[in-house]
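Below is one structure, written out as C-alpha cells; the observations come after it.
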Amino acid sequence: EEEKKSSDDSKQEDSRSMVSQKSKKSQKSVKSIKSTVSQVNLAISGKDQVNEDKGSLYHKVFEICYDKKMNWENVNDKPRLKVWKIRPEGSTLCLIRGWAIIDDTNSDTVFKMIYDEQIRRKWDTVLADPRVIDKINDTTDVFYYRFNAPFGITDRDWVTLRTFKKDYPEKGHYIISFESFQHPKMPPLKGVIRAHTYIAGYILKPSAANPKDCELYLITQLDFKGAIPKFALNWGAARGPPDWINRLKKACQTLGKQV
C-alpha cells in the first residue's frame with residue numbers, strides 16, 4: 001500500500017523543528033547509553049550459567065534467541081533455515097527470530113561479513129550507506145544505515161547503538177546487539193523517515209553438528225514509522241529474514257575466503 005508523502009513530510013518537518021532540543025539530550029545519551037527495549041516482553045531462557053552482564057542488551061538478545069517459554073509461531077520451517085514470530089504483550093509489532101546453518105564458514109568469518117560495513121556493502125542489498133558515525137569504545141559504536149524503499153514509499157534510515165561481545169557465553173561465540181539511538185551528528189534527514197529499532201541482534205557460534213559450519217541466530221523488532229500499516233509491517237518482517245540469510249550464505253561462499 002502506497003504512503004502519502006505529504007503526511008510523511010509533515011512529520012519530518014516536526015522532527016526537524018525539535019532537532020536543537022534533542023541534540024542536547026542526544027549528547028547526554030551518548031554517555032549514558034541507556035537501553036530502550038521496554039516494549040519487549042522477555043522470557044528467561046533458563047541458561048542460568050550465564051552470570052555476568054545480565055542487564056546488557058546483548059544478554060537480552062541471548063535470552064530471546066534461546067527462549068523456549070514464549071508462544072512462538074513458526075513461519076518458515078526448513079532443515080537449515082527457520083523463522084518464528086511473536087507479538088509481545090502490549091506491542092503492535094512482531095518480534096522476529098531466525099535460525100540458520102551457514103555451511104563451511106566459521107563464526108569469525110560470518111562476524112566480519114555482518115559487522116564490517118565495507119564488506120557488508122558488497123553483499124547486503126537491503127542496507128544502503130552503512131557507516132559508523134561515532135565510536136564509543138572497542139566493542140560499541142553508533143551505526144547508521146538507510147533503506148532505499150520501493151517506488152511510492154518514503155526511504156527509511158536508522159541510527160543505532162551497536163555492541164558486540166566475543167567469546168560470550170562460550171569461547172568462539174559472538175553476540176551482536178542493536179537498539180535505536182539519538183546522536184547529534186545524525187539528526188533526521190529531509191525526505192527520509194527515521195525508523196526505530198526496539199531490539200535486534202545476532203548470535204554466531206560453531207555448529208554442534210559440524211564445527212566447520214556456523215550456527216546463526218537473529219532477532220529483530222522494528223518500527224518503520226510513517227503511514228505503513230502495522231499489519232503490513234508484521235507480514236513483511238517475517239518474510240525478510242530468509243532472503244537476507246540466503247544472501248549472507250552466498251556471500252560467505254564468494255567473499256568469505258577474502259576476509
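Here the structure is a predicted model, which means the values were calculated and not measured. Residues: numbered from 1 along the sequence shown.
Side chains of Leu57 and Ile199 form a contact here, defined as non-hydrogen atoms less than 4.5 Å apart. Looking at Ile96 and Gln221, their side chains never come closer than 4.5 Å, going by heavy atoms from C-beta outward. Annotation: side chain of Thr163 is not in contact with side chain of Ile176 (no heavy-atom distance under 4.5 Å). Side-chain atoms of Val142 and Val132, non-hydrogen and from C-beta on, never get closer than 4.5 Å to each other. Side-chain contact check for Tyr58 versus Phe164: every heavy-atom pair is 4.5 Å or farther apart. Contact annotation: the side chain of Leu127 never approaches that of Arg146 to less than 4.5 Å [non-hydrogen atoms, C-beta and beyond]. Contact of the Arg194 side chain with the Trp158 side chain is not registered, since no non-hydrogen atoms from C-beta on lie closer than 4.5 Å. Using a 4.5 Å cut-off on side-chain heavy atoms (C-beta onward), Glu73 and Val75 make contact.
Between the side chain of Ser107 and the main chain of Gly172, a donor-acceptor pair closer than 3.5 Å is present. Put simply, the side chain of Asn234 never gets that close to the backbone of Leu93: no donor and acceptor are under 3.5 Å apart. Here the side chain of Thr140 pairs no donor or acceptor atom with the backbone of Ile136 at under 3.5 angstrom. When atom types are taken as modelled, the side chain of Asp155 and the backbone of Ala149 share a donor-acceptor pair closer than 3.5 angstrom. Trp84 places no side-chain N or O within 3.5 Å of a backbone atom of Asn71 that could act as its donor or acceptor partner. One N or O on the side chain of Arg121 and one on the backbone of Pro130 form a donor-acceptor pair closer than 3.5 Å.
Among pairs with a residue in residues 99-119, those fulfilling salt bridge (Lys or Arg N to Asp or Glu O under 4.0 Å) read Arg80-Asp103, at least two apart in sequence or across chains.
Remark: of the listed residues Asp157, Asp134, Asp129, Asp157 is the sole one forming a side chain to side chain donor-acceptor pair (under 3.5 Å) with Tyr144.
Note: Phe181 and His183 have tilted aromatic rings, judged against thresholds of 30 and 60 degrees for the angle between ring planes. Ring pair Tyr202/Phe178 is perpendicular by interplanar angle, where above 60° counts as perpendicular and below 30° as parallel.
Note: Trp99 and Tyr66 fail the aromatic proximity criterion, with ring centroids not under 6.0 Å apart.
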Exercise. Can you check side chain to side chain contact (heavy atoms under 4.5 Å, CB included) on Trp123 and Met113, steps first, answer last?
Worked result: CA-CA 9 Å; Trp123 67 268; Met113 299 294 290; 4.0 Å; yes
Exercise. Between Asp223 and Lys225, is a salt bridge (Lys or Arg N to Asp or Glu O under 4.0 Å) present by the stated rule, with each step listed?
Worked result: CA-CA 5 Å; Asp223 188 350; Lys225 301 294 185 178; 3.6 Å; yes
Problem set entry | Stepwise side chain to side chain contact (heavy atoms under 4.5 Å, CB included) check, Lys165 with Thr139 | CA-CA 7 Å; Lys165 185 81 169 178; Thr139 61; over 6 Å; no
For this session: Would you sort out whether Leu81 and Asn76 count as a side chain to side chain contact (heavy atoms under 4.5 Å, CB included), showing the intermediate values?
Result: CA-CA 7 Å; Leu81 197 163; Asn76 189 303; 4.0 Å; yes
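Between His173 and Asp167, the side chains place no donor N or O within less than 3.5 Å of an acceptor N or O (distance only, hydrogens not considered). No side-chain donor-acceptor contact under 3.5 Å links Thr160 and Thr197. For the residue pair Thr109 and Asn106, a side-chain donor N or O sits within less than 3.5 Å of a side-chain acceptor on the partner.
From Thr92, atom OG1 reaches atom CG of Leu233 across 8.5 Å, with rounding to the nearest 0.5 Å. Between Phe111 atom CZ and Leu204 atom CG the span is 8.0 Å, to the nearest 0.5 Å. Interatomic distance, CG of Leu95 versus CD1 of Ile219, reported as 6.0 Å (0.5 Å rounding). The SG atom of Cys65 lies 7.5 Å from the CZ atom of Arg97; values are rounded to the nearest 0.5 Å. Ile193 contributes atom CD1, which lies 3.5 Å from atom CZ of Arg156 (distance to the nearest 0.5 angstrom). Separating the NZ atom in Lys69 from the CG atom in Asp67 is a distance of 8.5 Å, to the nearest 0.5 Å.
Closest approach of Val61 and Ser177 over heavy atoms only: CG2-CB, 3.8 Å. Residue Phe62 comes nearest to Ile203 through the heavy atom pair CA-CD1, 3.8 Å, listed as atom of the first residue, atom of the second, then distance. The nearest pair of heavy atoms linking Pro88 to Ile86 is CD-O, 3.3 Å. Scanning all heavy atoms of the two residues, the minimum distance from Tyr168 to His59 falls at OH-ND1, 2.6 Å. When every heavy atom of Ala238 is checked against every heavy atom of Lys85, the shortest pair comes out as CB-CD, 4.1 Å. The minimum heavy-atom distance between Val126 and Phe147, with the atom names listed, is O-CD1, 3.8 Å.
Around the CG atom of Asp77, the shell of radius 6.0 Å holds more than 12 heavy atoms that belong to other residues, nucleotides or ligands. For Lys230, the NZ atom sits in a packed shell: over 12 heavy atoms of surrounding residues, nucleotides or ligands are nearer than 6.0 Å. Within a 6.0 Å sphere centred on NZ of Lys78, other residues, nucleotides and ligands contribute 12 heavy atoms or fewer.
Both the sub-6.0 Å distance and the 45° axial angle are satisfied by Arg162 relative to the ring of Tyr115.
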Which side-chain N or O atoms in residues 239-248 pair as donor and acceptor under 3.5 Å with protein atoms at least two apart or in another chain?
residue	atom	partner	partner atom	Å
Arg239	NH1	Trp235	O	2.9
Trp244	NE1	Asp124	OD2	3.0
Asn246	ND2	Pro242	O	3.1

